[in-house]
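All values reported here derive from a predicted model rather than from experimental measurement. Start at 1 with the first residue, then count along the sequence. Whatever order the structure lists ligands and atoms in, that order sets their numbers, starting from 1.
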Amino acid sequence: MKVFSHERLARLAGERGMPEEYLHDLRVVSSVLPFKVNQYVVDELIDWSAVPDDPIFRLTFPHRDMLPPDIYEHLSALHLSAADPGVIRKAARDAHAQLNPNPGAQLEANVPTHRGRRLLGLQHKYAETVLVFPSQGQTCHSYCGYCFRWAQFVGNAEIRQAATGVADVVAYLADSPTVTDVLFTGGDPMIMSAAVLDRWVSPLLDPALEHIRTVRFGTKALSYWPARFTTDHDADDVLRLFERIVASGRHVAVMAHFSHPRELATEQARRAIARIRATGAVIRAQAPLIAHVNDRAQDWATMWQQLVELGVVPYYMFVERDTGARSYFSVPLTRAWQVYTDAIRSVSGLARTARGPVMSAAPGKVLVDGVVRIGGAEVFSLRLLQARDAADVGRQFFAHHDPAAEWFDDLRPAFGSWWPA
Ligand SMILES: *Cc1c(COP(=O)(O)O)cnc(C)c1O
Ligand code: SF4
């Protein structure tokens, strides 16, 4: 697979007709945030006649507004003065610290402790589901500009986390009878070879882990590299692995990241979806709502309708979280709710399995359920779809309606405290 990053990405953009001014921005931004684009995305997904406003170009290529202005100016000056690469790397590392690498301290807070040891590379926030970050799956076929996992990609060991072996996972799960779902995530677990993936998955099929009923794979490979399930040399082995999990009586859930209907349009993607479905796995689709890429209701309505036709279940519309290139991609909560509502109203009930807009915030998965008037005050009606404590799931609560709010931390309780006694 041919991939482009750093100087190769600049050369590619130049060959595709991007002006020198843009190439400078590209070099500056990609010296701080990670960018990687592969041949499939370049050839099959980006409409070069519509660049720079093309949604997939916006999704995968740098833009100067992805950096706060002061960081941009600083790095830009270093590049213009042809500063030593070591100096630029140091400035980039300083910038990383300002870009909120572990949003909400989620990684830290949710790492389980087992027999006195913290199991890095595992996250256990909700009783029924454990997340596994396999060390070999900490990259993706191509990168999204808004990725909140970028800390995993920039090679800074202090802000990186990954599980190094499946033994810890098995031992932890054996002692965790409430867990029914294991979710392999990354990066993208589908970057791993079938043989490596097998080493992570097969031990979960052990009779001692009968309580594990669902194996989920969070992936954007159906968008960025559908060949993973069609023509890659070990594509069939991946599908056989799915079949083996299904044959064990468990559910295989492919949590596919689809940002735009364009990603569903290629022959490769459609064939990959069909082949995965033929294994008995169910594909569910989720993505964040992001400015410049999918912030129109029509984008979602079209995507959900096509997903249903392809046999994929719409699952979550997320709110982009507060990290990295946030300001470039963020959409105010009020607008996100409007986009969701408009999209939902224009599709049939079968596509209304998509829930959103949802924030994965400190208290749990918070749904923006609407903007309503209560006692003369305009408020956000919020609901916990997921919570650390099962007793809080489904709980409704209210926040002042701040039209500029973009994330949970921007919200204030409408009635004194979040949880009125
Ligand atoms: C979303 C999420 C899950 C899975 O939640 P579901 O609502 O069951 O899909 C598990 N763990 C974490 C940390 C999550 O963010
Ligand atoms: S596919 Fe997911 S993990 Fe990979 S770059 Fe995009 S948002 Fe990040």
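The closest approach between a heavy atom of Met255 and any atom of ligand 1 is not below 4.0 Å.
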- Given side chain to side chain donor-acceptor pair (under 3.5 Å), test Ser76 with His24 step by step and report yes or no. CA-CA 8 Å; Ser76 175; His24 172 70; 2.8 Å; yes
Inset, instruction - Go through the steps to decide whether Glu267 and Arg270 satisfy the test salt bridge (Lys or Arg N to Asp or Glu O under 4.0 Å), and finish with yes or no. - result: CA-CA 5 Å; Glu267 193 50 45; Arg270 287 171 175 249; over 6 Å; no
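Every residue was checked against the ring-ring contact (aromatic ring centres under 6.0 Å, His included) condition with Phe258, not counting sequence neighbours, and none meets it.
Between Gln386 and ligand 1, at least one pair of N/O atoms sits closer than 3.5 Å.
The distance from ligand 2 to the heavy atoms of Gly187 drops below 4.0 Å at these ligand atoms: 3 (S). Within ligand 1, counting atoms from 1 as listed, the ones closer than 4.0 Å to a heavy atom of Ser360 are 15 (O).
Nearest-residue assignment for atom 11 (N) of ligand 1 (options Val130, Thr129, Leu131; heavy-atom criterion): Leu131. Within the set Arg284, Arg388, Lys365, Lys125, the minimum heavy-atom distance to atom 15 (O) of ligand 1 is found for Lys365.
Residue-level proximity to ligand 1 for Gln286 is absent, since no heavy atom of it falls below 4.0 angstrom.
A salt bridge links Asp181 to Arg216: at least one charged side-chain nitrogen sits closer than 4.0 Å to a carboxylate oxygen.
Between the side chains of His124 and Tyr172, at least one donor-acceptor pair of N or O atoms lies under 3.5 Å.
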